[in-house]
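First up is the structure itself, then whatever we jot down about it.
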Amino acid sequence: MLEKALYGDRKYWMWIISLTGVMVIGGLFYLHQFRNGLTVTGMSRDVTWGLYIAQFTFLVGVAASAVMVVLPYYLHNYKAFGKITILGEFLAISAVTMCVLFIVVDMGQPFRVINLFLHPSPRSMMLWDTVALMGYLLLNVLISRVTLSAERKGIAPPHWIKPVIILSIPWAISIHTVTAFLYSGLAARPFWMTAVLAPRFLASAFASGPALLILVCLILRKVAKYDVGREPIQKLAVIATYAMCANVFFFLMEVFTAAYSNIPEHMAHFEYLYFGLGNHHALVPWMWTSAALAVLTLILLLNPKFRAKENLLVVACAALFASIWIDKGMGMVVTGFIPSTAGQVHEYFPSVTEIFVALGIWALGILMVTAFYKIALSLRRSAA
Amino acid sequence: MMDRRDFMKYAGLSGLSLASIPLLKKLSAAELPQGSSHATKQLAMVVNLRKCLELDNCTKCIEACNQTHNIPLIDNPDDNIRWIWKERFDRAFEDQEHEHLTESIRWSPLVVMCNHCENPPCVRVCPTQATWKREKDGIVMMDWHRCIGCRYCMAACPYGSRSFNWRDPRQHLAKIQPDYPTRTKGVVEKCTFCDERLSRGQLPSCVEACSEKALTFGDLSDHKSEVRELLSSAYTIRRKPSLGTGPQVYYIV
């Protein structure tokens, strides 16, 4: 099955080679970090997590969002998603792989990762997050493999896979919930310690994931001449619309609670994000961009006439994805540390090394998606 | 005959089950969260600020600690390692500070360190049990050979008491103290109330170094201990007690 990824035209190979190039560069930067320690990153004793953990958090959301195609198809028998469930599952596998890599590159002693399994601590949310993510990865590998090979043989998938697929639905919810618990259980960090963090994570994931999938489907139509049809894309747009509304709603809840209660520790983080504290306002332009993109997204998505036009839908999806990426992939994690536990404002800027390592991992994820989709589409074509 | 796919499948499954054995073993044997009542002793520190602030710019306790524990001197504050250090009152006690506070206290640098909490959040979050609360005396211990450097404990500590070795600390040691280990890059470290000295019957090096006798160290479960006497005779405050961590460093203001 895997060998299908090895047959492609010139453009396909150029794409693969470029991605590999970015991966190699990222790998070289990682070697630099490995040799000299995490001092080569922008992190510091005040801001101890940065771009890597933020990308991890964002990508757990992308992985979890596969449930938004799996659930309608398998639970509600929504046939229009038949062509894209496999795309969602492959996206999830690639995203979880990227998550694992982002965790590993963030570790001070990556060779000791085995200690997670040798000395597990059931009280640590990190253990449960590892269990949740690994389980989710296995479920999706199993499901995509079984369903795809049945499709190749032109037979119905075996019956035993159905309960496994059903299990993957709550499991998807769990991975992002437990990822939120990593943060929301810390009394030291008032910015994260909010019960709405997990719901908000899920809402933003179920908006950004389907938006990404829409873009991917449209790209596939263009470069691979594979058309999933209009209906699933429009349905995904509706899902993204609802989820984005929920995400913005949860965010406003947060702002109200912090601003009206007026507890300085809760307020300070939002002030830092949107107005800056003292001379420190690195994230301010980004956060307002994210907010503006969110508004644009809602205008385009909430109006069915706009949403139905594919070129406007592309703009809406790209804006939505960027808005949530900024919010979750830049703002959410580091702002938990700004101001610090001693009320000090120490800003964070990712270093060149960090950026290239992150790009390398993204390139690997995109490479995986490309190869997986190549396999899936080749099998479908040869079956057709 | 097994084909390539079957081989991969079985190899993957066997690897996975092998990897999960220690996990299951550990989880089944894992102990439930322990409250402080189980500890036979609870070591604590009382910092008398009236005495401590008497000498301006005194850093004897900090220097003693740095030398005893091979703590690197790194110029860049981002990469600093600190076990005991000075924090201004308005930062150490953010929730106690107000604008009419007596000037002699408000901007005063006071010594802070790991609070050896009764209910330490760092211990709760550590995924590898590389940091734990020692049952016999309540010290929050640290095993930097097991630490994977995920820095979750640093996110969880409300006091900034933990330091990460962002770079190789050995390159920043002027003199190596042979009877205490040095650390490697990529691990977290912190104050352990000088567990190595306590086991030799000595006091923590900061307590010993303080010429003003501003630091008092002892066992809170012992009614006659010096720390208990101080706590019952003077008004003391702790850092962020509302978070439920139960900090064991007390300050006489």
Side-chain angles (χ1 to χ4, degrees), chain A residues 1-2 34 36-49 53 103 106-131 134 138 141 145 149 182-183 185-189 192 264-265 333 336-337 339-344 346, chain B residues 5 12 16 19-20 22-23 26-27 30 32-33 74 76-82 87-88 90-92 94-95 112 121 123-130 132 145-152 154-160 162-168 184-188 240 242-245:
Chain A
M1 212 188 266
L2 290 173
F34 186 79
N36 297 296
L38 284 154
T39 183
V40 301
T41 69
M43 292 183 273
S44 61
R45 66 169 294 131
D46 276 351
V47 184
T48 49
W49 283 341
I53 296 295
I103 291 289
D106 189 67
M107 272 181 195
Q109 288 287 336
F111 283 130
R112 294 186 190 169
V113 66
I114 190 71
N115 285 357
L116 268 174
F117 305 98
L118 292 177
H119 312 285
S121 169
R123 279 196 282 169
S124 175
M125 281 302 125
M126 205 171 276
L127 172 75
W128 297 113
D129 207 29
T130 313
V131 170
M134 290 300 111
L138 285 176
V141 169
R145 220 193 141 89
S149 71
L182 284 178
Y183 301 100
L186 302 184
R189 311 285 170 185
W192 300 332
E265 284 172 356
V333 171
F337 298 99
S340 73
T341 51
Q344 292 301 100
H346 190 123
Chain B
R5 277 176 59 191
L16 200 74
S20 58
L23 181 73
K26 280 286 160 119
L27 283 180
L32 289 167
I74 297 168
N76 184 349
D78 286 0
D79 290 3
N80 256 344
I81 306 289
R82 304 177 197 154
E87 195 81 82
R88 263 169 33 194
D90 61 316
R91 292 175 185 166
E94 232 191 331
D95 44 359
V112 292
V123 169
R124 203 181 309 144
V125 302
C126 177
T128 60
Q129 303 182 23
W132 70 99
H145 299 286
R146 187 185 283 186
C147 172
I148 57 173
C150 70
R151 309 187 295 292
Y152 197 9
M154 296 177 81
C157 176
Y159 309 105
R162 293 180 156 265
S163 302
F164 180 70
N165 284 288
W166 297 99
R167 55 175 83 192
D168 182 6
T184 176
K185 70 173 189 290
V187 298
V188 171
K240 304 186 181 179
S242 64
L243 298 182
T245 50

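Chain identifiers are assigned alphabetically (A, B, ...) following the order of the sequence lines, protein sequences preceding nucleic acid strands; residue numbering begins at 1 within each chain.
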*Is there side-chain contact between Arg146(B) and Leu118(A), with at least one heavy-atom pair below 4.5 Å?*
no
_Check: Pro122(A) and Gln129(B) side chains under 4.5 Å, non-hydrogen atoms_ = yes
_Which one wins on heavy-atom pair count under 4.5 Å against chain B: Glu265(A), Gln344(A), Met134(A)?_
Gln344(A)
*Any idea which of Ser124(A), Ala188(A), Gly37(A), Gly336(A) has the most non-hydrogen atom pairs under 4.5 angstrom with chain B?*
Ser124(A)
*Contacting moiety of Leu182(A), where chain B heavy atoms sit under 4.5 Å*: both
*Below 4.5 Å from any heavy atom of chain B, which atoms of Leu186(A) appear? Answer side chain, backbone, both or neither.*
side chain
_Asp106(A) side chain reached by Arg151(B) side chain, heavy atoms, under 4.5 Å_ = yes
*asked:* Restricting to side chain to side chain donor-acceptor pair (under 3.5 Å), what partner residues turn up for Tyr152(B), sequence neighbours left out?
replied: none
*asked:* Is Asn80(B) in contact with chain A via its backbone, its side chain, both, or neither, using a 4.5 Å heavy-atom distance?
replied: both
_Give me the atom names and distance for the closest heavy-atom approach of Trp49(A) to Cys150(B)._
NE1-O, 2.9 Å
*asked:* Side chains of Ser163(B) and Arg45(A), heavy atoms from C-beta outward: is any pair under 4.5 Å?
replied: yes
*Would you mind reporting whether Lys240(B) and Thr341(A) have side-chain heavy atoms less than 4.5 Å apart?*
yes
*asked:* I want to check something: taking the side chain as every heavy atom from C-beta on, are Thr48(A) and Arg162(B) in contact at a cut-off of under 4.5 Å?
replied: no
*Which distance, rounded to the nearest 0.5 Å, do you find between the OG1 of Thr39(A) and the CG of Asp78(B)?*
8.0 Å
_Among residues at least two apart in sequence or on other chains, which ones pass side chain to side chain donor-acceptor pair (under 3.5 Å) with Asn36(A)?_
His32(A)
_Heavy-atom proximity to chain A below 4.5 Å, by part of Ala156(B)_ = both
_To check you understand the geometry: which heavy-atom pair defines the closest contact between Cys157(B) and Arg189(A), and what is its length?_
O-NH2, 4.1 Å
*Among Thr184(B), Ile148(B), Asn165(B), who wins on heavy-atom pairs under 4.5 Å with chain A?*
Ile148(B)
*Please report the closest heavy-atom contact between Cys147(B) and Arg112(A), naming both atoms and the distance.*
O-NH1, 2.7 Å
